[in-house]
Amino acid sequence: MSRVDVRKTYKLYVGGAFPRSESGRTYPALDAADSVLANVADGSRKDLRDAVRVARGAQAGWAERSGYNRGQVLYRVAEMVEDRADTFVDQIRASGPTRAQAKREVDRSIDRLVWYAGWGDKFAQVFGNLNPVQGAFFNISAPEPTGVVGIVSPEEPALLGLVSRMAPVVISGNTAVLLASERWPLTAITFSEALATADLPAGVVNILTGRKDKLVPVLSAHMDVNAIDAWGNGWQGLDAIEIAAADSVTRVVRPPRSIEWADDRSSQSPHMIADFTELKTVWHPKGL
Amino acid sequence: MNEKTPAKPEIAPVDFEYASSREATDLVEIDDSYGLWINGASRSPASKRYFSTINPATEEPLARIAEANERDVDRAVKAARKASDSWRRTPGKERAKYLFRIARMIQERAREFAVLETLDGGKPIKESRDFDIPLVAAYFFYYAGWADKLEYAFPGLKPEPLGVAGQVIPWNFPLLMMSWKVAPALATGNTVVLKPAETTSLTALAFARLTAEAGLPSGVFNVVTGAGPTGASLVAHPGVDKVAFTGSTAVGKAIQRSIAGSPKHLTLELGGKAPHVVFDDAPIDQAIEGVVNGIFFNQGHVCCAGSRLLVQESIADHFVDKLKRRLETLRVGDPLDKNTDVGAINSEAQLDKITELVDVGIEEGAGIYQPACELPDRGYFFKPTLFTGVSQSHRIAQEEIFGPVLSIMTFRTPAEAIEKANNTPYGLSAGVWTTKGSRILWMADRLKAGVVWANTYNKFDPASPFGGYQESGFGREGGKHGLLPYLSGVR
Amino acid sequence: MTVARGSDSISGVSTPATISDTSPILGQSVSRRSLETYLRATPSVDEVAANERAAALATRSIKRESKMHALELTIRMMDLTTLEGMDTPGKVTQLASKAIRPDPTDPTIPSVAALCVYPNMVPTASEALHGTDIHLAAVASYFPSGQAPLAVRVADTQWAQQAGADEIDMVIDRGAFLSGDFVKVYDDIVAVKEACGPAHLKVILETGELATYDNVRKASMLAMAAGADFIKTSTGKVSPASTRPVTLVMLEAIRDFEAMTGFQIGMKSAGGIRTAKDAIRYLVLVSETMGKDWMTPRMFRFGASSLLNDVLMQIRWLRSGVYQNPDYFTKD
């Protein structure tokens, strides 16, 4: 009799742990031929609430780390993804692409992580400024992380899309609550395993699987979320996100009209780091 | 020895009152009525409606101002849209020269603008003369220089204008807030439809005429006057590509909702409840000046006013005593008097709001202190006010009063100071006074505010970005960063 | 409690100097430790903000009738000064008559507060001022450097006082101050104060050599604790001499000292004040910082040599509406 393999239970990733949804619900993750690959957690509003709370708790500590350190952690994430490359390729293939296409997406994701890792101790130099003001004053502007960012990951490419939006958010010191691709959730969960083994402090990135029509409005309206990344949402339904976000003047980072995820020139930029920062300007007199 | 010293009769102190010293108003000509400034000329409003603007220091009407309705806004946006094609193609160095010219003309006519600003808005002439108008010229001068250098501003950016900017500005610094928005918009090749606040339209309209004298092409700069509905029409107009708003957080949220899902770009500069933290090792006498300047500058009608004083408990009594003594020397009254420190409250509605919140403060049990100054019989005035014994939970510690009212609280440790300072949904500005360098940097890192003034307060410069965290809005005005909200192609 | 020590000694109804009066809060002899503890409580001064405050007050606009008051007050607050190596009895006598009657053509112009001269000139000046109520100030205790043994400085002071000076302007040992020897500075002042007898002591900080406002503030507190009746900015021999921000910083120290001890110490700004306009700006500064009670020569003095004629010119201009020619005013 052949061996019965051990299947993985796909759970949420919150606060560095892998809890089940408090709702107890799951939904089936299907492959391109609509066969069930696995049951994944159907994250609830309470799971989201918990994730935001955890992200808020982790934010100050993450932001206090040096850019150099955050860069190293992100680089470590790239190492962990590389290590799981085969798993990612298999999961991506299940959503339709060829092996070669899937391999390219994984490679691109790893490279993008590495690219952003390098910005950790540089973006503030590019976007900050010593301002030449009149009078005897020292005046300096520097970007700071905005706080907790809600990321609506694109449906596809599930891995590259998630990585492309997560990396610029967290490299500056933000923490993130990320809604995974609903249709193709498995790479997000595997990715969270990479995060968990990459020295990323608990709570810096939290990944929820579940129904976006249920979770996006809750995320958008959450008063303790500082910014929403709507790239993965697209323009459809953007108005609802922005209306909900307005209650706490939450920043909404809008998607471009069309996105070429694989194109480095349009899908990775230090400006995408700046999108999730606040510029702080400090004045001080220069005197004896 | 010393026998020659005669007994000298004691000389009574000389009465050293400042005589009233009113700025002359004869260099300002105010028309009976003003039309809308559309496509390079003053136009009668399609609405056929006018409202009157008054001098808040005397309650006397100054002029009638056209009230723009939707049709008027549409005309203005269409004019701006039409002008946009050629303006965006006008070489940067030519756009720059228009702005330089405007800056120079403002300098030439600075006194006229200052008097007009004070007449219409109630701010002390010494502020409009020494602060507002010189800064207006400086902002135009600063952004003029950027117009042909935009490709150097941001890495990887191919700068392109957005198109038509709809800008809605407040009444506290009318011409200055206009310059913060108009100068970068024009420098980057956008055209503008401006909606000034209904109580302070005059300087924007005078500026509009100045742009014509400067030869600025018609339609590049337009003014639609009116109240909230006019602003709402402008923000909602589909021909507007970019909305920039400075004003209350409530209206800011409404604007954010109203343009949700549209392609319009948005920046918001909203309210604040800034903490002003004074440590026991502060340069005390300068900190007193900083605190006074922080809350009584422009009658406290300042979004970044230091309205919450957090003073270290060990020096709190001493500091508050000094503050009270200093308040006695504040001169409240006729804004046109060059010696006036605190002028008129901008409007009756604002005076009512301040009065209401001060009453709330008294009911909440905070100790009120006002100096013994006499207020003019007519006009809208409010005494400089301190509240002591204020708790975080009091409304006067949470809500923006936007008047000359300071809420005083104490703290014991730096961590407690930060906790209290940041315990607000706002995050526009903050002040900190301490002699210890490393503490300044520690505080500056942790204060949740777009601008941190350390050992100074209420400093502004065209090169310095300004704007808030959280519910104080997003986007920056001023500096290199102030160009970004008017450019596309930053990817 | 407010004890205006200045007025007592100045008006001649003087209480003799006692130990407790000499050193109002620290006593006659201090230890290095007690002095340092006291000075450590001095708040720091932010230079930029202090300059800003002084500049802001300079924009106060004074209109005609107030200006006339202010100009007359400026004369009444003036220590008319000549401190030249080439001073002679003739020069001093002439200046004394100028002090008594600044404008011979206009008897309504008041006399100045004091005539300020070198000790050698005290007998001459005393003679010339006899019968007037103008004070006679001597810059004593080895002016302007102060770099002499204490015994010499004390003797200089005693001699000047006995020769007829009822006000002594001494200068602190800046070298000692800058080297941190605050006890020496303190002891010097205490000794000179004692040597003053009933004369009124103005302690010159020579702020131009103290380099920072923090030092100015600290030196002010030190001088007041040691028994100064007035503190004074400068000798006039060092540039910069008095400035408005430096005066502001010293006034703030005086205000704090009064709050702390009840003693009201006077202020003298000296050197570099040459125009009526400048003088009025000082008066605005004094009035806004200290209040109306301070608008008297009992509390505030100008030390100046060339200011008087500009003030006289301005007064005549205010009265006549005609701009004036300096040659119509006597040099001394």
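This one's a predicted model, so the numbers in the text were calculated from it and none came from an experiment. All chains are named by letter (A, B, ...) in the order of the sequence lines, taking the proteins before the strands, and each is independently numbered beginning at 1.
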Could you measure the distance from the [atom1] atom of [X] to the [atom2] atom of [Y]? Nearest 0.5 Å is fine.
X: B:F154; Y: A:F127; atom1: CZ; atom2: CZ; result: 8.5 Å
X: B:S464; Y: A:I140; atom1: OG; atom2: CD1; result: 11.0 Å
X: B:I259; Y: A:D239; atom1: CD1; atom2: CG; result: 12.0 Å
X: A:E242; Y: B:Q256; atom1: CD; atom2: CD; result: 7.0 Å
X: A:L279; Y: B:Y469; atom1: CG; atom2: OH; result: 7.5 Å

So which residue, [options], ends up with the most heavy-atom pairs under 4.5 Å with chain A?
options: B:F466, B:Y457, B:F460; value: B:F460
options: B:G473, B:G478, B:G467; value: B:G473
options: B:G475, B:A449, B:G252; value: B:A449

Which atoms of [X] are under 4.5 Å from chain B, going by heavy atoms: the side chain, the backbone, both sets, or neither?
X: A:F138; value: neither
X: A:S141; value: side chain
X: A:Q236; value: neither

ask   = Do you know which of A:V133, A:L238, A:T146 has the most heavy-atom pairs under 4.5 Å to chain B?
value =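 Option with the top pair count is A:V133.
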message = Using a 4.5 angstrom heavy-atom cutoff, name the option from A:N131, A:T250, A:N129 with the most pairs to chain B.
response =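 Top option by heavy-atom pairs under 4.5 Å: A:N131.
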query = Where do B:D445 and A:K280 land on the salt bridge (Lys or Arg N to Asp or Glu O under 4.0 Å) test, with the steps shown first?
reply = CA-CA 9 Å; B:D445 259 2; A:K280 178 182 276 180; 5.8 Å; no
key: Contact origin within B:K480 toward chain A - heavy atom pairs under 4.5 Å   =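 Looking at B:K480, just its side chain touches chain A.
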ask   = Can you say whether B:Y142 sits under 4.5 Å from chain A via the side chain, the backbone, both, or neither, judging by heavy atoms?
value =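 For B:Y142, neither part sits under 4.5 Å from chain A.
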task = Start with the C-alpha distance between B:R446 and A:E144, add both sets of side-chain angles, then the distance that settles salt bridge (Lys or Arg N to Asp or Glu O under 4.0 Å), and finish with yes or no.
result = CA-CA 10 Å; B:R446 285 162 182 76; A:E144 290 188 346; over 6 Å; no
[X] side chain to [Y] backbone, donor-acceptor under 3.5 Å:
X: A:H271; Y: B:L157; value: no
X: A:R251; Y: B:Q470; value: yes
X: B:K253; Y: A:D247; value: yes

query = B:N455 and A:H284: side-chain donor and acceptor closer than 3.5 Å?
reply =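 Side chains of B:N455 and A:H284: pair found under 3.5 Å.
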query = Under 4.5 Å between any side-chain heavy atoms of A:V249 and B:L270, yes or no?
reply =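 Yes, side chains in contact.
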query = Just wondering, do B:V452 and A:W283 contact through their side chains at under 4.5 Å, heavy atoms?
reply =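 The answer is no; the side chains never approach within 4.5 Å.
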message = For the CD atom on A:Q134, are there more than 12 heavy atoms of other groups (residues, nucleotides or ligands in this structure) within a distance under 6.0 Å?
response =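 No, not enclosed.
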message = Would you say that more than 12 heavy atoms from the other residues, nucleotides or ligands in this model lie under 6.0 Å from the CD of B:E151, or not?
response =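 Yes, the 6.0 Å shell around CD holds more than 12 heavy atoms from other groups.
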Suppose a student defines contact as a heavy atom less than 4.5 Å from any heavy atom of chain A. Which residues in [range] would they list?
range: residues 422-429 of chain B; value: none
range: residues 260-268 of chain B; value: B:A260, B:G261, B:S262, B:P263, B:K264, B:L268
range: residues 433-444 of chain B; value: B:I440, B:A444

Can I get a per-line list of side-chain donor-acceptor pairs under 3.5 Å for residues 212-219 of chain A, giving both atom names and the distance, sequence neighbours left out?
{"from": "A:K212", "atom 1": "NZ", "to": "A:S153", "atom 2": "O", "distance (Å)": "2.5"}
{"from": "A:K212", "atom 1": "NZ", "to": "A:E155", "atom 2": "OE2", "distance (Å)": "2.7"}
{"from": "A:K214", "atom 1": "NZ", "to": "A:D42", "atom 2": "OD1", "distance (Å)": "3.2"}

